[in-house]
Amino acid sequence: LTAGGEISYRFLGDYKVSAGYEFEGTDRSAYGVTKVSSTDDNKLWARFDATFNDMFAAHLRYQFLDRDSSKTKATEDAMRTDPYLLASGSSASIIAPWFSYADTASKRQHQMKAGLEFTPIDNLAFELDYVFTYDDFTKKQELGINDGYKHGLIADITYSIGPMKLGMYG
């Protein structure tokens, strides 16, 4: 289940502020061996856009994610089938109570994104974004990650041909 909404306001012609909320509930038990049975993501965000002229624009975005996992401890079955863990048989049952998977664990995440867009001609656009993410895992574990920092760069190129857009990113 995914639901959400957003609101935006344009002012002085070239500036816009936006804010939104999104809820995503994921039932993960349908995928066979699972790390957790379900996750509920509550995401709040705010964004500021500025257009300087026909060629240059910039944006800033802040996002807060609050994830609640129904089960943050790894199951023995998931640990036995996980290729990244060196646990098998009885050692999995020893490790399981102390371990949590980072991708499905309960956490609070803060993310900042800053970007510039360059449009040299009407149908060609280049965008470069810097993204900083901080994950604070709410149920601290004896083994594994309890918080994490990520830095990233995202580059996009978009070319429009009539109603069709071609894009590359990385």
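- Taken from CG in Asp129 to CG in Leu153, the straight-line distance is 9.0 Å, to the nearest 0.5 Å.
- Note that OG1 of Thr2 and CD of Glu22 are 6.0 Å apart. Values are rounded to the nearest 0.5 Å.
- The CG atom of Asp136 sits 10.5 Å away from atom CG of Asp66, with the distance rounded to the nearest 0.5 Å.
- Under a hydrophobic clustering in which Ile, Leu, Val, Met, Phe, Trp and Tyr are joined whenever their side-chain heavy atoms come within less than 4.5 Å, directly or via other members, Ile161 and Ile121 fall into the same cluster.
- Partners of Asp68 according to the salt bridge (charged side-chain N to carboxylate O under 4.0 Å, His left out) rule, which considers only residues two or more places apart in sequence or in another chain, do not exist here.
- Heavy-atom minimum distance, Asp27 versus Ser38: CA-CB, 4.3 Å.
- Within the structure, salt bridge (charged side-chain N to carboxylate O under 4.0 Å, His left out) pairs that include any residue of residues 45-63 comprise Arg47-Asp49 (at least two apart or interchain).
- In Asn53, the CG atom is crowded: over 12 heavy atoms of neighbouring residues, nucleotides or ligands sit closer than 6.0 Å.
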Report task. Take Trp45 and Tyr21, measure what side chain to side chain contact (heavy atoms under 4.5 Å, CB included) needs, and give me the verdict at the end. Result -> CA-CA 7 Å; Trp45 60 268; Tyr21 168 79; over 6 Å; no
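- A salt bridge links Asp135 with Lys150: at least one charged nitrogen is closer than 4.0 Å to a carboxylate oxygen.
- In the hydrophobic cluster analysis, where Ile, Leu, Val, Met, Phe, Trp and Tyr join through side-chain heavy atoms closer than 4.5 angstrom, Phe126 is grouped together with Leu166.
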**Report entry** Candidate pair Asp14 and Phe52, rule side chain to side chain contact (heavy atoms under 4.5 Å, CB included), full reasoning
**Finding:** CA-CA 7 Å; Asp14 295 330; Phe52 303 116; over 6 Å; no
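- The two atoms that bring Ser69 and Ser106 nearest to each other are N-OG, 2.9 Å, heavy atoms only.
- If you chain together ILVMFWY residues whose side-chain heavy atoms come under 4.5 Å of each other, Tyr15 ends up grouped with Tyr9, Phe11, Leu12, Val17, Phe48.
- Between Lys107 atom NZ and Arg67 atom CZ the span is 5.0 Å, to the nearest 0.5 Å.
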Query - Pair Thr133-Gln109, side chain to side chain contact (heavy atoms under 4.5 Å, CB included): steps then yes or no - result: CA-CA 7 Å; Thr133 305; Gln109 181 185 79; 3.5 Å; yes
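- Hydrophobic clustering, with ILVMFWY side chains joined whenever heavy atoms are under 4.5 angstrom apart, keeps Leu124 apart from Leu128.
- In this structure, Tyr62 shares a hydrophobic cluster with Phe64, Met112, the cluster being traced through Ile, Leu, Val, Met, Phe, Trp and Tyr side chains under 4.5 angstrom apart.
- Residues in residues 154-170 take part in these side chain to side chain donor-acceptor pair (under 3.5 Å) pairs, two or more places apart or across chains: Asn123-Tyr159.
- Between the CZ atom in Phe118 and the CD1 atom in Ile157 there is a gap of 12.0 Å [rounded to 0.5 Å].
- Ring orientation note: the planes of Tyr134 and His110 are close to parallel, at an angle under 30° on the 30°/60° scale.
- The CD atom of Gln111 sits 10.0 Å away from the CZ atom of Phe132 when rounded to the nearest 0.5 Å.
- The two residues Asp147 and Phe137 have their closest heavy-atom pair at N-CD1, 3.8 Å.
- Chaining together hydrophobic side chains whose heavy atoms lie under 4.5 Å apart places Val131 alongside Ile154.
- Not a single donor-acceptor pair under 3.5 Å links the side chain of Thr119 to the backbone N or O of Ala125.
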